[in-house]
Amino acid sequence: MGKTAEKNEELIPKGFLYALGFLVIASLVIVFFSVLTDRPMVGLPAKSELEQELMLELVKMDDGSVSLFDESKRNILNSRDGNSGFISVILTGLEYNRNKTGSGLKSNYAVGLYKYKSGRIEIEDIDTDWSMNVTSFGSKNAQIFVSMFEKNEGEK
């Protein structure tokens, strides 16, 4: 038997590995440059004047649903009414933030609902200052809250 020259072929070419390493380093440089400079943050809502606000209570009910109560303790929305299931998503986000920050979980939370002149509607956990832009979740979900402001205007 003669000696055969066995060539160990590389599975991944070195040039490809160098290119991937360069991309990783370039990405890190761009990220650190952006963080360390005074570049404005992308995705923040435009500043707008507050048009209306409502103080509400977000409550986990015994039957597993989620309800919103107004200041007079009137139940104005329930997640099982066929139209308002989105409020359970808000509760999930609120509790996720409370877990992350170490704030206590409760069965009811004081929330503020704010409508800005730009049309944006925001809900805020009063105790932790966490907020969610509800208009980002589609017009059907935002309409639930728009109608609350319209009802409130009619009662004044």
Side-chain angles (χ1 to χ4, degrees), residues 16-17 19-156:
F16 183 69
L17 291 175
L20 285 177
F22 174 76
L23 287 174
V24 168
I25 291 170
S27 298
L28 290 173
V29 167
I30 290 169
V31 167
F32 285 120
F33 174 76
S34 296
V35 169
L36 295 175
T37 60
D38 290 338
R39 297 174 55 91
M41 294 190 66
V42 177
L44 291 177
K47 298 275 184 196
S48 180
E49 191 176 323
L50 184 64
E51 187 176 319
Q52 283 182 284
E53 69 179 280
L54 299 172
M55 292 299 127
L56 305 169
E57 187 175 16
L58 188 64
V59 180
K60 286 190 279 189
M61 306 301 284
D62 292 335
D63 64 359
S65 65
V66 179
S67 286
L68 267 175
F69 291 87
D70 63 9
E71 290 177 320
S72 62
K73 302 296 183 201
R74 186 180 51 162
N75 189 340
I76 52 177
L77 289 178
N78 184 280
S79 62
R80 291 194 177 162
D81 67 7
N83 297 317
S84 309
F86 179 62
I87 60 175
S88 62
V89 174
I90 293 171
L91 177 69
T92 301
L94 185 145
E95 288 187 332
Y96 174 80
N97 180 67
R98 282 178 162 263
N99 269 334
K100 193 170 78 171
T101 60
S103 301
L105 295 179
K106 305 185 285 186
S107 61
N108 60 324
Y109 303 97
V111 295
L113 189 63
Y114 306 100
K115 181 179 178 187
Y116 294 91
K117 290 194 176 185
S118 64
R120 182 170 59 93
I121 298 176
E122 176 182 83
I123 192 163
E124 177 184 31
D125 179 3
I126 302 299
D127 296 335
T128 64
D129 292 332
W130 171 86
S131 65
M132 175 190 280
N133 183 2
V134 298
T135 47
S136 298
F137 290 89
S139 60
K140 184 179 177 187
N141 292 324
Q143 188 57 39
I144 295 169
F145 299 102
V146 169
S147 63
M148 291 171 57
F149 285 110
E150 289 169 354
K151 286 178 190 174
N152 191 52
E153 275 184 357
E155 293 175 3
K156 286 184 178 179

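Remember, it's a predicted structure, so these values are computed and weren't measured experimentally.
- Between M61 and V59, some side-chain heavy-atom pair lies under the 4.5 Å cut-off.
- Ring orientation note: the planes of F86 and F145 are nearly perpendicular, at an angle over 60° on the 30°/60° scale.
- To the nearest 0.5 angstrom, E95 atom CD is 14.5 Å from K100 atom NZ.
- Here the CG atom belonging to D81 is positioned 7.5 Å from the CD1 atom belonging to I144, to the nearest 0.5 angstrom.
- Across all their heavy atoms, G112 and M55 have their closest contact at CA-CE, 3.9 Å.
- The line from OG of S131 to CD1 of I90 is 11.5 Å long, rounded to the nearest 0.5 Å.
- Applying the 6.0 Å contact sphere to CG of D62 captures no more than 12 heavy atoms from other residues, nucleotides or ligands.
- The side-chain contact (heavy atoms from CB on, under 4.5 Å) with Y116 is formed by just one residue from the set T135, L50, I121; it is L50.
- With rounding to the nearest 0.5 Å, the separation of NZ in K115 from CD in E53 is 13.5 Å.
- The two residues N75 and L68 have their closest heavy-atom pair at OD1-O, 3.5 Å.
- Atoms OG and NZ, from S79 and K60 in turn, are 12.5 Å apart once rounded to the nearest 0.5 Å.
- Side-chain contact between I76 and L56 is present, with at least one heavy-atom pair separated by less than 4.5 Å.
- Between E57 and V111, the closest heavy-atom pair is N-CG2, 4.5 Å.
- The only option from V89, D125, N99 that meets the side-chain contact (heavy atoms from CB on, under 4.5 Å) definition with L94 turns out to be D125.
- The distance from the OH atom of Y109 to the CZ atom of R98 is 5.5 Å, given to the nearest 0.5 Å.
- The closest donor-acceptor contact from the side chain of S84 to the backbone of L77 lies at 3.5 Å or more, if one exists at all.
- Contacts of Y96 classified as ring pair (Phe, Tyr, Trp, His ring centres under 6.0 Å), with partners at least two apart in sequence or in another chain: none.
- With a 4.5 Å cut-off on side-chain heavy atoms, V134 and N141 do not count as touching.
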